[in-house]
Number of protein chains: 4
Amino acid sequence: MPQQPLHRRQPTPGNPRVQRTRNRVLTVARELLPRVGPTGLTYALLAERADVTRQTLYRHWPNRAALLFDLILEGPDLGNYPTPGSDVRTVATDWLKSLRDGISEPAIRTAVLAVTAQADHDADSAQALVRIGQDRHAALNKLLEPSGIQIDDAEFTLLYGPVLARLFLDRSHPTDEFIDTVVTQWLTTLEAQQRPATPNAS
Amino acid sequence: MPQQPLHRRQPTPGNPRVQRTRNRVLTVARELLPRVGPTGLTYALLAERADVTRQTLYRHWPNRAALLFDLILEGPDLGNYPTPGSDVRTVATDWLKSLRDGISEPAIRTAVLAVTAQADHDADSAQALVRIGQDRHAALNKLLEPSGIQIDDAEFTLLYGPVLARLFLDRSHPTDEFIDTVVTQWLTTLEAQQRPATPNAS
Amino acid sequence: MPQQPLHRRQPTPGNPRVQRTRNRVLTVARELLPRVGPTGLTYALLAERADVTRQTLYRHWPNRAALLFDLILEGPDLGNYPTPGSDVRTVATDWLKSLRDGISEPAIRTAVLAVTAQADHDADSAQALVRIGQDRHAALNKLLEPSGIQIDDAEFTLLYGPVLARLFLDRSHPTDEFIDTVVTQWLTTLEAQQRPATPNAS
Amino acid sequence: MPQQPLHRRQPTPGNPRVQRTRNRVLTVARELLPRVGPTGLTYALLAERADVTRQTLYRHWPNRAALLFDLILEGPDLGNYPTPGSDVRTVATDWLKSLRDGISEPAIRTAVLAVTAQADHDADSAQALVRIGQDRHAALNKLLEPSGIQIDDAEFTLLYGPVLARLFLDRSHPTDEFIDTVVTQWLTTLEAQQRPATPNAS
DNA sequence: TTATAAACGAGACGGTACGTCTTGTCTTATG
DNA sequence: CATAAGACAAGACGTACCGTCTCGTTTATAA
């Protein structure tokens, strides 16, 4: 049976040495992940490349999922964050493009896919995945505040679903035109639902 | 670099012994996969449970991706296949529900996710993923033949994207209502594209 | 071709843990070898019996030849080492008996035979075999120092050849009488060569 | 436990097809053995090279030892057989050279060494080894018949021991000079033993 | 000339070993 | 005395060979 590790303590995040190590490792991991794939990113390889002991890695991230979470959450901000606005179409389009660009970053993309694949059999991954989704959802609603419109779960999925499907499953790039189409059709549903009781005659 | 194995030949599919072995393994794998997860389904475990040697597994499926493909492609037919028809809404709705039900099957679900996660770093997986998508696409178009309408790639993604996103990323069940919504909004785009510049009323 | 293993380093001999493991394994190997034969002494069996992982064995001895060398070279000293002396006959006889007794030890015997059989197709084994021979040769010459006589290669072979032939090929025990005979006839050659053209009587 | 094979019968030697197969395999084995070594001569390799099924090999030689025996015993006659004679020195020298040449043949050499190494743990090999020795011994005595002298076991070992030791253990070629030396010193012993009661004064 | 028996090819399979790798824990020496 | 260096157990990887067991197909000998 896997006995309880004796000397396992998370390093204190304040410590500047800890910060340095952590950043170095994450940077190397980010660079390595898309090259070697999720299963190829072993602690052994990572330790060697980051000039760190495997033991140190274990201290920071007790399992690979934890490492991937950090990779996803602390992704390098791409800068082109969408701006809030009152025009729903513009906001939604910008947000979708930002999502697309963020996930197109190879390391993030690989990490997200790996976590997703594990989610069914790893509660931590599942929870992380849900949280990531909720964060994005909240971000979108925040951007939409000026418009006075808020998006519910189903509508949210209708918006980002086609884009992620194109990225992950079709394995092709969601062009700007594709995103326009998505937003356009999404708006029809949105309008229909925002004014559900519009019984124009049959 | 991994050198070419010397004595590697796929078993001849005709041989009844081969059939038996193959079926037994696939059945066990199907039962095992959702319980132990994609990384937990090792050849060692599978061999033990299917009362087969690891070597035999390698003979049949030279890598795990190949096994997962077979698992996905030879999934137990759920029986409730949609029927062709001339009403696009009905056909699309039925097809979507069939897709949802098929992928809800735990083994298939896990296998698809695993293949997807690997696709970025494994050409075989990528190709298989594309082929699976194309098969489904072709199936839908076949069902739509009576209606005289055919779906292109982008439209196809618009249709199934939200459903798979709900399944895999939101990790919640795409209800019949959700599917109805998807189809409804999808039809607006479809109509707009089928008659791109036809502003005259019916 | 077998590619170079990545993380292969010989354990540091100083480490007490290493010492312990090494000794334990060698002891078990020595006990196992004559029972199961050279081909039967697999790393798998040895690991199991020595309560050690196969990986540990590979760390210490990258191939079986290396293990056999250690077995031969660190053979349990039989104690009855011959003593130097000025009487060539006595020294040679004692040395031969010591050789016979040493090689009669089952593990050593088996190991020597195995290495010999491999020597033609394994440079390491060949080299080790030569070195072992040279060591013995040097040892004999050392014992002979008081007598002022030194033995060359051919003479050395003339001395030990019959004894090893009796052991390995005839598969019978070289008795003390046999050894006496060998030494007696060997001395005639030795004398003839030491005074090659000295036909004048003493 | 290794269960008793059901349909295992040695092929009938008379059958010409059997002869053909057998000869072809032995020829290929003889050519292969020195190149790949005793452990490298697997049934798999041999089967492939001899254009024969592994099963066929098993039918002819139930184990590798059997194959090696045949290889040794049916060695290609080198032609230069020594001739009987009344001069012991000449006969012994010729016989030794013939022995040396025979065993210098790479396949034979390898086979003999392999069988020797196995002899301690394989009764068949041990017996074969003894028989081979006896055959050679008998052959020598036959050659010596005209001289009226017969050699016993110990004397036999004294004669061939140094030569084989030089070949197998020193791994150097026994030159004609070396053989002359061996024979010369051997004759002294022989004479001493043939006329044991020669109490010439000290 | 045809049976019929043996030898053979083809190949699936259970075992077992190989040599390598990663993982997570534990130990030892060192700075 | 805390930490790096690294030894270790556990176990999976992909490959190789072994010995056996089908099942057909060819060859030879005998009827």
Side-chain angles (χ1 to χ4, degrees), chain A residues 2-8 39-40 42-47 52-59 62-64, chain B residues 2-9 11-12 15-18 20-22 39-40 42-45 47 51-60 62-64, chain C residues 2-9 11-12 14-18 20-22 39-40 42-45 47 51-60 62-64, chain D residues 2-12 14-18 20-22 39-40 42-45 47 51-60 62-64:
Chain A
Q3 63 202 44
Q4 185 69 359
L6 287 180
H7 308 295
R8 177 88 71 68
T39 59
T42 66
Y43 271 29
L45 177 63
L46 187 51
V52 151
T53 317
R54 268 171 51 239
Q55 196 60 238
T56 301
L57 294 185
Y58 282 109
R59 263 193 293 268
N63 52 63
R64 209 156 347 179
Chain B
Q3 64 203 44
Q4 186 71 355
L6 259 66
H7 305 292
R8 175 106 67 73
R9 239 161 298 164
T12 53
N15 192 321
R17 190 147 67 128
V18 169
R20 227 167 354 186
T21 301
R22 179 189 162 83
T39 59
T42 64
Y43 270 28
L45 175 63
D51 260 322
V52 148
T53 317
R54 268 169 54 239
Q55 182 58 37
T56 297
L57 295 186
Y58 283 108
R59 258 192 297 265
H60 284 255
N63 52 64
R64 213 149 344 174
Chain C
Q3 65 202 40
Q4 184 72 357
L6 258 68
H7 306 292
R8 175 97 70 70
R9 238 161 299 166
T12 54
N15 192 319
R17 195 150 61 131
V18 170
R20 235 171 344 194
T21 300
R22 178 188 163 84
T39 59
T42 66
Y43 270 27
L45 177 63
D51 259 323
V52 147
T53 317
R54 269 168 55 240
Q55 182 58 39
T56 297
L57 296 185
Y58 281 108
R59 255 193 301 267
H60 284 256
N63 51 65
R64 212 144 350 168
Chain D
Q3 64 203 42
Q4 185 69 357
L6 288 179
H7 308 294
R8 178 88 73 68
R9 240 161 303 162
Q10 221 84 346
T12 55
N15 192 320
R17 192 148 65 130
V18 170
R20 232 171 345 189
T21 301
R22 179 188 162 83
T39 59
T42 66
Y43 270 26
L45 176 64
D51 260 322
V52 149
T53 318
R54 270 168 53 238
Q55 185 59 39
T56 297
L57 296 185
Y58 282 108
R59 264 191 291 262
H60 283 255
N63 51 64
R64 211 154 346 177

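Convention: sequence-line order gives letters A, B, ...; per-chain numbering from 1.
One finds the OG1 atom of C:T21 at 11.0 Å from the CG atom of C:D51 (value rounded to the nearest 0.5 Å). With values rounded to the nearest 0.5 angstrom, A:R54 atom CZ is found 12.0 Å from A:R59 atom CZ. Between C:R64 atom CZ and C:T42 atom OG1 the span is 7.0 Å, to the nearest 0.5 Å. Between atom OH of residue A:Y43 and atom CG of residue A:N63 there is a gap of 6.0 Å, rounded to the nearest 0.5 Å.
Between the side chain of D:R17 and the base of E:dA7, at least one donor-acceptor pair of N or O atoms lies under 3.5 Å. Applying the 3.5 Å distance criterion, the base of F:dC8 shares no donor-acceptor pair with the side chain of C:Q55.
In this model, the phosphate group of E:dA7 is not approached by any side-chain N or O of D:H60 to a distance below 4.0 Å at OP1 or OP2. Look at C:T21 and you won't find any side-chain N or O under 4.0 angstrom from OP1 or OP2 of F:dA7. Dashed line: the shortest gap from a side-chain N or O of C:T12 to OP1 or OP2 of F:dG6 is not under 4.0 Å.
For D:N15, the listed nucleotide lying nearest its side chain is E:dA7; candidates were E:dA7, F:dG11, E:dG24.
Looking at heavy-atom distances under 4.0 Å, B:N63 makes no contact with the nucleic acid at all. If you check every strand for non-hydrogen atoms under 4.0 Å, B:R20 touches nothing. Using a 4.0 Å heavy-atom distance criterion, B:T53 is classed as a base contact. Residue B:R64 is in sugar-phosphate contact alone, with no base atom involved, counting any heavy-atom pair closer than 4.0 Å across all strands shown. When heavy atoms are screened at a 4.0 angstrom cut-off, D:R22 is found touching no nucleic acid atom at all.
Note: CG (B:L57) to C1' (F:dC13) measures 13 Å, nearest angstrom. Spacing between atom CZ of C:R59 and atom P of F:dA10 amounts to 13 Å, rounded to whole angstrom units. We find that CZ of C:R54 is positioned 13 Å from P of F:dA10, with the value rounded to whole Å.
Between C:L45 and B:T56, the residue whose closest nucleotide on DNA chain E is further toward the 5' end is B:T56. The 5' end of DNA chain F is approached more closely, in terms of each residue's nearest nucleotide, by B:Y43 than by the other of B:Y43 and D:G40.
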